Asks: 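Here it is: the structure, laid out below.
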2 protein chains.
Amino acid sequence: MSPLRGGVAEVSDALLERLRAECAVHTAPDALATASRDWWPLAMVWDDDGTAITPAAAVAAPTSPEQVAAVARCCHEARVPLTVAAGRSGVCGASMPVHGGVLLDLTGLDGIVAVDDESLVLDVRAGTFGTPLEEALRAEHGVTLGHWPQSIDLSTVGGWLACRSAGQLSTRYGKIEDMVLGLDVVLADGRTVHTGGAPRAAVGPDLTQLFVGSEGILGIITGARLRVHPAPSAEVRAAFRFATFAAGLDACRRVLRRGATPAVLRLYDGIEADRHFGTGADGGEGDAILLVLDEGDAALVDAVLRVVHEECAGATAADPALLDAWLEKRNDVSALHHYIEQGAVVDTLELAATWSALPAVYDGVLAALRVFDDLLVASAHLSHAYTDGACLYFTFGGFPPKDQREDFYRRTWDAALEATVTHGAALSHHHGIGLNRARYARAALGTGLDVLAATKAALDPHGILNPGKLGLRSPWGDPAWP
Amino acid sequence: MSPLRGGVAEVSDALLERLRAECAVHTAPDALATASRDWWPLAMVWDDDGTAITPAAAVAAPTSPEQVAAVARCCHEARVPLTVAAGRSGVCGASMPVHGGVLLDLTGLDGIVAVDDESLVLDVRAGTFGTPLEEALRAEHGVTLGHWPQSIDLSTVGGWLACRSAGQLSTRYGKIEDMVLGLDVVLADGRTVHTGGAPRAAVGPDLTQLFVGSEGILGIITGARLRVHPAPSAEVRAAFRFATFAAGLDACRRVLRRGATPAVLRLYDGIEADRHFGTGADGGEGDAILLVLDEGDAALVDAVLRVVHEECAGATAADPALLDAWLEKRNDVSALHHYIEQGAVVDTLELAATWSALPAVYDGVLAALRVFDDLLVASAHLSHAYTDGACLYFTFGGFPPKDQREDFYRRTWDAALEATVTHGAALSHHHGIGLNRARYARAALGTGLDVLAATKAALDPHGILNPGKLGLRSPWGDPAWP
């Protein structure tokens with residue numbers, strides 16, 4: 001029996017026939033099983049257990065926005081769930097078709113449409129993967145998007161936009177919502193909307209931002225205009241050791257406060273510093289370590305580095321070669337999968353809070369996790385910083401008995417998310433909420449969840465788009481994973 | 001007869017009585033007339049003509065968010081228009097209660113709630129005016145909001161947010177949507193929503209941005225959390241002359257492209273350069289003039305100025321004292337009123353477009369205006385710049401016969417907006433669209449207008465919030481000013 005509650009939609013042969021007239025449709029069981037899961041660690045556990053998870057009844061693979069619109073129209077008229085996916089690198093189950101129905105695979109809708117070199121604007125299809133995109137931008141236009149999520153090899157432009165992705169160099173280049181000028185969106189009923197398009201506008205609310213982060217529930221992003229930048233001509237690096245994580249946090253705060261925006265400002269707590277760099281005494285907890293990297297115009301990045309050195313004057317300089325170790329492994333996501341195959345239950349929680357709240361958030365989340373005797377690791381690093389606060393990225397896990405893995409996963413996540421909400425942090429910084437954090441959507445959004453639900457009902461009256469997610473009611477029964 | 005078409009709502013004595021039980025309510029004709037207009041130049045012409053414009057039936061003046069919620073609930077239940085206003089410095093008629101009903105004056109809901117000095121976050125009530133806010137932030141906390149709209153003496157935090165305000169130093173400090181972490185919003189039916197609150201979140205779409213720029217149609221902003229910055233410790237200035245406006249545009253483009261973000265980068269075309277600085281030969285058109293100012297941390301602003309000088313190497317250095325002339329008059333909005341009192345019809349149109357489109361936009365809008373023999377002036381300056389484009393701010397006007405002023409206003413605006421849309425520019429950069437540009441909302445937004453209408457219907461089912469604006473249907477007949 002599927003661990004995902006909620007009903008499974010019926011998909012008629014007539015609908016499949018209509019879909020096949022529009023685009024490629026796959027129904028082979030292997031293809032359905034593969035297309036119906038993402039990188040949610042709990043789903044990996046279920047997979048390892050041989051626990052069946054509701055698959056889609058069909059995978060539709062359009063190669064044009066017009067085909068996407070046609071598929072949406074068919075599903076809307078048939079009132080069948082339509083779940084959008086592409087790289088399926090999400091870690092919260094957001095692209096799992098929990099009520100079956102049709103899975104829309106956008107990876108065939110890929111490629112650069114145009115680059116306006118003068119205006120530094122990229123027009124790109126949603127299914128384009130990160131690494132080939134960045135390579136083409138550099139090779140053919142001498143520009144960079146500057147968006148480096150850890151998943152860059154596995155994830156697509158549309159996924160970044162739908163899940164509010166933030167890359168590793170976001171302090172200089174911004175997060176995905178800062179990069180986007182406009183979107184092409186197909187609504188549930190097949191209508192197409194083009195949002196934005198100018199550097200800035202005051203023509204009602206910014207409709208682009210209504211779809212950024214909507215995780216497939218409000219519309220289907222088929223294309224985007226994104227800001228790019230000249231490929232960097234200079235790079236600067238630095239590394240520092242701090243006696244405490246709190247002292248490192250405060251240095252990061254002071255750097256941002258002065259207006260400096262180093263592309264990378266990563267502060268590891270003592271546990272993670274030792275894990276990644278072997279800097280602890282006798283394998284134990286070491287100093288906190290701060291990695292700094294900036295890239296861009298020489299005049300500007302030199303000035304940024306000067307600010308960083310001034311604000312880190314109280315710390316011990318460390319070897320900037322530590323950056324090499326991080327850069328080498330920064331997009332390697334195989335470790336997680338490896339540990340899970342070994343029987344571990346391990347996951348990461350990224351959240352954001354203001355600087356004044358961060359020390360308590362750090363202590364609070366770790367303390368909440370450490371009440372469990374079977375927890376083996378709980379640690380964190382700062383991964384993204386702002387003038388007003390930062391993102392803390394926690395890693396936690398253990399080796400519970402095989403039949404208790406879901407229980408372990410559930411209680412550790414509950415504890416961590418309770419502490420997150422209690423201490424006033426955002427429920428997610430850049431992973432989204434999907435299925436895994438949906439049960440805390442009300443606690444996080446309050447009556448904002450009603451605003452989201454009303455907007456969803458207005459744009460998708462039959463509720464076909466990615467039902468069962470984000471803590472919203474589903475026509476096929478809810479919650480999917482309570 | 002009012003030049004504003006559309007019906008006038010009935011307001012019962014019973015409703016007035018209910019409102020009076022909640023907060024101060026004004027019904028004196030003078031108070032109603034004053035509260036029912038803003039700085040829309042055409043409304044000033046009507047005023048000068050003695051043309052009556054539909055006033056609100058009552059002004060409700062709450063002093064707490066709870067009172068705002070109560071007023072909304074009353075109007076929602078009575079199905080009476082509720083138009084939010086505060087400083088009424090808008091120039092598009094957005095806060096005019098075109099169907100009568102209740103005008104919600106938020107200027108009594110003012111003051112700083114708190115400043116988190118460590119996180120650089122301001123919590124402020126929506127009715128707070130700009131100048132006292134900035135003064136208090138500097139004097140009591142040593143910080144600046146960095147938001148300097150020309151209207152700063154006349155406008156409020158809530159107005160900035162509702163109309164997507166952009167200040168004169170926005171290239172360093174961002175526009176209002178970049179400054180806001182979260183909002184308190186009262187919905188049409190009186191429910192309260194608190195959005196955001198963390199430096200960043202990936203918990204569904206950013207609901208804060210749904211209300212920013214909504215011009216009072218989706219909800220009533222009663223409070224906001226805004227990012228502030230340390231008061232600047234250094235300032236740098238420069239000025240340059242360019243032989244052509246196009247050459248100056250390209251220099252601005254190159255500065256932004258390198259990642260430099262000088263707070264001020266204002267490029268005047270030859271006509272405006274002569275008007276403001278008397279730099280033309282024999283009172284005629286002069287060189288284009290670029291004013292540059294940055295403020296903040298010394299290391300960073302010095303680096304920015306170096307980039308500016310390098311990219312302006314082909315221009316002639318001008319006297320940085322030109323900045324003094326601009327700084328002295330930059331918030332003086334009396335000139336417009338003065339000209340209108342003299343019988344002139346004069347207005348400004350700000351738009352935004354990508355760099356590759358800008359030269360054609362500049363030429364196209366000016367050419368469209370100059371077909372009119374009775375046009376006396378049409379000129380522009382660049383006021384805000386981005387990596388991908390910029391805002392052009394046009395000024396145009398003439399002295400038509402008194403009885404033809406509305407006709408002159410209408411045809412010049414039509415011509416300018418047609419050219420704006422035709423050349424792919426945004427209909428407004430930071431003034432919003434209100435009544436004046438509403439007839440072009442469909443041309444600007446396409447099916448996005450349907451998305452906005454659906455969202456409006458979901459959040460405000462009786463359509464009471466600021467009806468007749470943004471090109472949406474009004475329950476009391478539309479369009480208000482076609």
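Chain naming here is simple, since letters A, B, ... match the order of the sequence lines and numbering starts at 1 in each. As the structure is a computational prediction, the values presented were derived from the model and not from experiment.
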Asks: So which residue, A:G471, A:G432, A:G219, A:A298, ends up with the most heavy-atom pairs under 4.5 Å with chain B?
Replies: A:G432
Asks: For residues B:P199 and A:T354, report the shortest heavy-atom separation together with the two atoms involved.
Replies: CD-N, 3.8 Å
Asks: Tell me, side chain or backbone of B:L207 under 4.5 Å from chain A's heavy atoms, or both, or neither?
Replies: side chain
Asks: Specify the closest pair of heavy atoms between A:L300 and B:A260, including all atoms of both residues, with the distance to one decimal.
Replies: CD1-N, 3.5 Å
Asks: So which of A:G196, A:P230, A:A162, A:A425 has the largest heavy-atom pair count under 4.5 angstrom toward chain B?
Replies: A:P230
Asks: Does any backbone or side-chain atom of A:R258 lie under 4.5 Å from a heavy atom of chain B? Answer side chain, backbone, both or neither.
Replies: both
Asks: Using atom types as modelled and distance alone, determine if a side-chain donor or acceptor of B:R191 lies under 3.5 Å from a backbone N or O of A:T447.
Replies: no
Asks: Specify the closest pair of heavy atoms between B:A299 and A:V307, including all atoms of both residues, with the distance to one decimal.
Replies: CB-CG2, 4.2 Å
Asks: Any chance the side chains of B:D116 and A:S356 put a donor and an acceptor closer than 3.5 Å?
Replies: yes
Asks: Do the side chain of A:R257 and the main chain of B:H229 share a donor and acceptor less than 3.5 angstrom apart?
Replies: no
Asks: Name the option with the most non-hydrogen atom pairs under 4.5 Å to chain B; the candidates are A:A438, A:G389, A:G204.
Replies: A:G204
Asks: Closest approach of B:A352 and A:A198, non-hydrogen atoms and distance?
Replies: O-CB, 3.7 Å
Asks: Any donor-acceptor pair under 3.5 Å linking the side-chain atoms of A:T455 with those of B:T455?
Replies: no
Asks: Quick one: of A:C391, A:S165, A:S233, who has the most non-hydrogen atom pairs under 4.5 Å with chain B?
Replies: A:S165
Asks: A side-chain contact here means heavy atoms from C-beta on lying under 4.5 Å apart; do A:L210 and B:L210 qualify?
Replies: yes
Asks: Does any heavy atom of chain A fall under 4.5 Å from the side chain of B:V301, the backbone, both, or neither of them?
Replies: neither
Asks: Check whether B:R253 reaches the backbone of A:E118 with its side chain - one donor and one acceptor, N or O, closer than 3.5 Å.
Replies: yes
Asks: Examine whether an atom of B:L427 lies under 4.5 Å from a heavy atom of chain A, and if so say whether it belongs to the side chain, the backbone or both; otherwise answer neither.
Replies: both
Asks: Mind ranking A:R200, A:Q209, A:H429 by heavy-atom pairs under 4.5 Å with chain B and telling me who comes out on top?
Replies: A:R200
Asks: Checking heavy atoms, do the side chain of B:A441, its backbone, both or neither come under 4.5 Å from chain A?
Replies: neither
Asks: Where does A:I217 contact chain B at under 4.5 Å (heavy atoms): side chain, backbone, both or neither?
Replies: neither
Asks: Less than 4.5 Å to any heavy atom of chain A: does that hold for the side chain of B:V451, its backbone, both, or neither?
Replies: both
